[in-house]
Structure formats: C-alpha cells, structure tokens
Amino acid sequence: MDKQILEIVLKDEIMQIMSLPVMSLIRETVRTENVRAYIIGGFVRDLILQRKSKDIDIVVEGSGIEIAEKVANKLNICVNIFKNFGTAMLKTDDIEIEFVGARKESYRMESRKPVVENGTLEDDQNRRDFTINTLAISLNYMDLGSITDPFNGVDDMAKKLIRTPLNPDMTFSDDPLRMMRAIRFATQLDFVISEETFEAIKRNAERISIISKERICEEINKIIMTNSPSSGFFLLEKSGLLKLIFPQLSLLRGVESKNGVKHKDNFEHTLQVLDNVAVKSDSLWLRWAALLHDIAKPATKKFDEHAGWTFHGHEFLGSKMIPGIFKQLRLPLNEKMKYVQKLVLLHLRPIVLAQEEVTDSAVRRLLFDAGDDIDDLMALCDADITSKNKKTVETYLSRFQLVRTKLKEIEEKDAIRNFQPPVSGEIIMKTYNIGPSREVGLIKNAIKEAILDGLIKNNYDEAFEFMKREAAKLGLTIDAS
Ligand code: CTP
C-alpha cells in the first residue's frame, strides 16, 4: 500500500496517539531539545495490523535517556534507566514507553552484545529484525505522524510475509534469537517466512547456542499461546532448531514399520492434541501438558509380534521426565510443574475407564488422584482422541461424557475431589493410646481404600466404625482407663 494512503487510513488512530498528554509532552521535549524522535517497531506494526499493543518504543536521534529523563521530570514520575542498553523506560496512563538512542550496531561472533555507535533513524531501521518491525511514525514538528517504511514492511504485512530487512545471514548471525522470533511471529500472525529468510534460519540454527535458555523459553511459550501452535513447532522442526532447543520433542518425529505394521507419527499426534487443547483453553500449563503427554513414547517403544507397536508405561516415564525437561528449558520448578506431571501421569486413566465398564470405584479413584485438576485432565483426554475415524472419535467422546456424568454424581455423593481422611491419624492415636507408628498408617490407608471402593461412606461415623474393625485385626484394643 502506498505510504500516503496508509497515513490517510491511519490518520485518526495516529492523531489519537499524538494527542495523548504524554505524547504531547514528548513532542514538545524533542522539539525544544532539537532532536528527532519516532515511534518505532512493534507498536507501529500492531497499529497497522489492528492488534492490541501495550508498549511504545521511541527511537531518538540523540540520547534516548536524556529525553526520557526530561519527560519524566515534567510529569513528576520515575524513570528506569538501563545504562548498559542505552535505554530508559517510563510508565504513565498504563502505557510503558521505552526510549532508545538511534543506533548503528555490529555484533561479535561469540556474543549477542553489540558494539554500539550512535546513528540515524535509517541506521536504526537497518539493524532491526524484520521488515514488518522497521516502520516508524514521526514525532517531529515538520512531518508529524508521517510514516517511514524503508523496506516495504506494509507490503509484507499485506502479503503476510516475514523477511529480514538486510541479508538474513547477517540479521540472524547478529542476534540468533531472531530465528525464534521469526517463527513466533509467523505463528502468532499466521504469516509465512520468506524462503530466503527460512533458508538462512536453517544455515544459522547452530548459533542459537549463544542465546540464553530463558529467552528461548519465552519464545516457546509465546508459540504455545498462539491459536494454532502446531504450525510453530513444525517450523521449529523443519528449520533444525527444535532438535537443538528441545531434543526430546524432536525425537517424537517419525514412523517406524515392522512386518508391515506402522505406528503413528507421535510428533504430529502431539501437535494435533496441542492444537485441540488450544481451541478449548488459554491455560499455558494445560497446553504444556498436551505438548508433553506422550514425551516418553520414543523411550518406551517396543514391537510385539501379537500386539504390534506398544508404548507401555510411557505415562509413568513421561511424568518422571518432566522435572528434567522443565529444568533444561528453564520452566518453573514449582506447582505448575507438578500439575503437568500429574496430567501426564494420569492421561490414560479416563481412556482406560471409558474402554471398560465405568464402575463407581474406578471413578472415585480417578477423582481422588486428579483432585481439582479433573476437569483439565478430561479436557486433555478429549483432545487426545485424534483418530481420523469419525466413528471411533464419537464413541470415545460419548463414553467420556458418561465418565463425566459419573464423576459429577460421585463428587456430589462422596466429596472425593479434595479428600481429607474423615478419621485422622491423631484420632487413631488418641483412641488407642499409641504414638506415631506403622499401625496408624495401615489403618488410615485401609479407611481411604474402603471409601474409594465404596465399602463405607466418606463420613466420620462410618469411618470410625471401620477403624475399630481394622484396629482389632491388628490386635489393638480401646484403652478403657
Ligand atoms: N527487535 C529486533 N531484534 C530483536 C528484538 C527486537 O530487531 N531480537 C526490534 C524490532 O524492531 C521490534 C522492536 O525491537 O519490533 C521491539 O522489540 P520487542 O518489544 O521485543 O518486540 P515487539 O516487536 O514489540 O513484539 P513483542 O512484544 O510481541 O515481542
């Protein structure tokens, strides 16, 4: 699109931004300081694509820090200065504004730390990652609101194209995180990566090793949170990045055949499950559980003459692999990890249940093990049915519905979800005048099992009577004294 037409189309939006009190102040400040400044990067891209954008980046042909300090002074607010990066950030009216001096950068082979020189807007645009991220809107009196688009970024947005402004080998070698960003933007925006740019990602993939695991993980999380995360993971795999950043996932790729019997491609299946979950839920951790639910399939794969391909115990091994994977990827080692472990461990249970007669005690046990995460587990199981055979899918989904109905009934009746033993260890010890011991554990466990099997109800009276019978079997008597 012609830049003048674009300026007319976006006139109202641009004027709205320019008239924000903080923007008026910035304009006034750059004018009196006699420097030029521009809104640049993601904010302009998102404005044109009509996406919500939270932060505004401003590039100043001069010192970004000085302008930020002057603006903050006038507003009587704090400014965060990052001297090492030559940037300053202030927050007002819920908008984060980051100021940076226009730079000319060149990077050294062994690190992402650039050698920085002051530059012009043009220099600064040259060093940016993708054409769609190079657009600038003037904050200057002479040409206020005019758009600078040196690499036809607007055309690329119309063509839904990700491409680097300069030679892609240079752009990626300068900052290899951009390879992940290219794939993340393509997935987020539903764009394609130009062939030349993608070939350069393949050539430079190994350079990802100089990027911190935390930043790589941020990009993986952003891919997972898109509407169709599978396309991002296919691109990561195709580019050669996946086996470097997440080898366990890459190992799921491929189909083996023996005696004419094939197993399904577990990579494709996993991504289908992830996409299915993404349609239903915005939870990052449920999406992680989907991505990892079959992670131990390669390690448990066996061929049996009668049964064909088997992956026995992949749910147990998978859940054991989670802490190592979380640590390796720098995901948090906290209750989120435990949640993912739990879902991976239990992901076959509702399926097994749906294949057999749905007994009350099996449902009670599932509810006991899943606790409050039962709904997420059921959502994961729904998503896990990826058969191409419509009839199979329908059969499973309707049996899951039956499991859900039973879950509801049992929950209403027995309150198993957040099971608390109706007779505690203290009560047992007090009743029999004994201290902490093996017997206390045995009795407590027997009470729990009896409730889960439906032999007694989940209440104090029935549990206390049951305790007496169990204690008697162990030779314990109530101390009458
Ligand atoms: N940029 C770059 N190379 C990077 C990171 C950022 O060239 N590795 C430039 C791009 O011009 C980008 C701008 O800096 O638009 C701001 O970066 P950032 O805030 O990280 O990204 P956004 O493009 O705003 O998008 P998002 O917030 O979704 O990451």
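We're numbering straight along the sequence, starting at 1. Remember, it's 1-based here, ligands and their atoms both numbered in the order they're listed.
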Steps toward ring pair (Phe, Tyr, Trp, His ring centres under 6.0 Å) verdict (His263, His269): CA-CA 11 Å; His263 63 76; His269 165 72; over 10 Å; no
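Close contacts between ligand 1 and Gly41 involve ligand atoms 15 (O) [criterion: under 4.0 Å to a heavy atom]. Those atoms of ligand 1 that come under 4.0 Å of a heavy atom in Asp175, given as number and element, are 4 (C), 8 (N). Using a 4.0 Å cut-off to heavy atoms of Asp57, the atoms of ligand 1 that qualify are 16 (C). If you number the atoms of ligand 1 from 1 as listed, the ones under 4.0 Å from a heavy atom of Lys222 come out as 29 (O).
By the 30° and 60° cut-offs, the orientation of the rings of His293 relative to His347 is perpendicular. In this structure, Phe326 and Trp285 have tilted ring planes: the angle between them lies in the 30° to 60° band.
By the criterion of a heavy-atom distance under 4.0 Å, neither the backbone nor the side chain of Phe172 is placed next to ligand 1. With a heavy-atom cut-off of 4.0 Å, Asn133 touches ligand 1 through backbone and side chain alike. Contact annotation for Ile40 and ligand 1: no heavy atom of the residue comes within less than 4.0 Å of the ligand.
Each of Asn118, Asp123, Asp124 was compared with Thr120 under the side-chain hydrogen bond (donor to acceptor under 3.5 Å, both in side chains) criterion, and only Asp123 meets it.
When the options Arg128, Arg184, Arg51 are ranked by their closest heavy atom to atom 11 (O) of ligand 1, first place goes to Arg128.
Atom NZ of Lys327 has 12 or fewer neighbouring heavy atoms from other residues, nucleotides or ligands inside a 6.0 Å radius.
Put simply, CG on Asp265 and CD on Gln272 are 12.0 Å apart, with the number rounded to the nearest 0.5 Å.
Proximity of the aromatic rings of Phe267 and Phe233 is defined here by a centroid distance below 6.0 angstrom, and this criterion is not met.
When only interatomic distances are considered, the shortest N/O to N/O separation between Phe185 and ligand 1 does not fall below 3.5 Å.
Remark: distances from the non-hydrogen atoms of Leu177 to ligand 1 are all 4.0 Å or more. The shell of residues lying under 4.0 angstrom from ligand 1, judged by heavy atoms, includes Arg45.
Taking every heavy atom of both residues into account, Gln125 and Pro150 meet most closely at NE2-CD, 3.4 Å.
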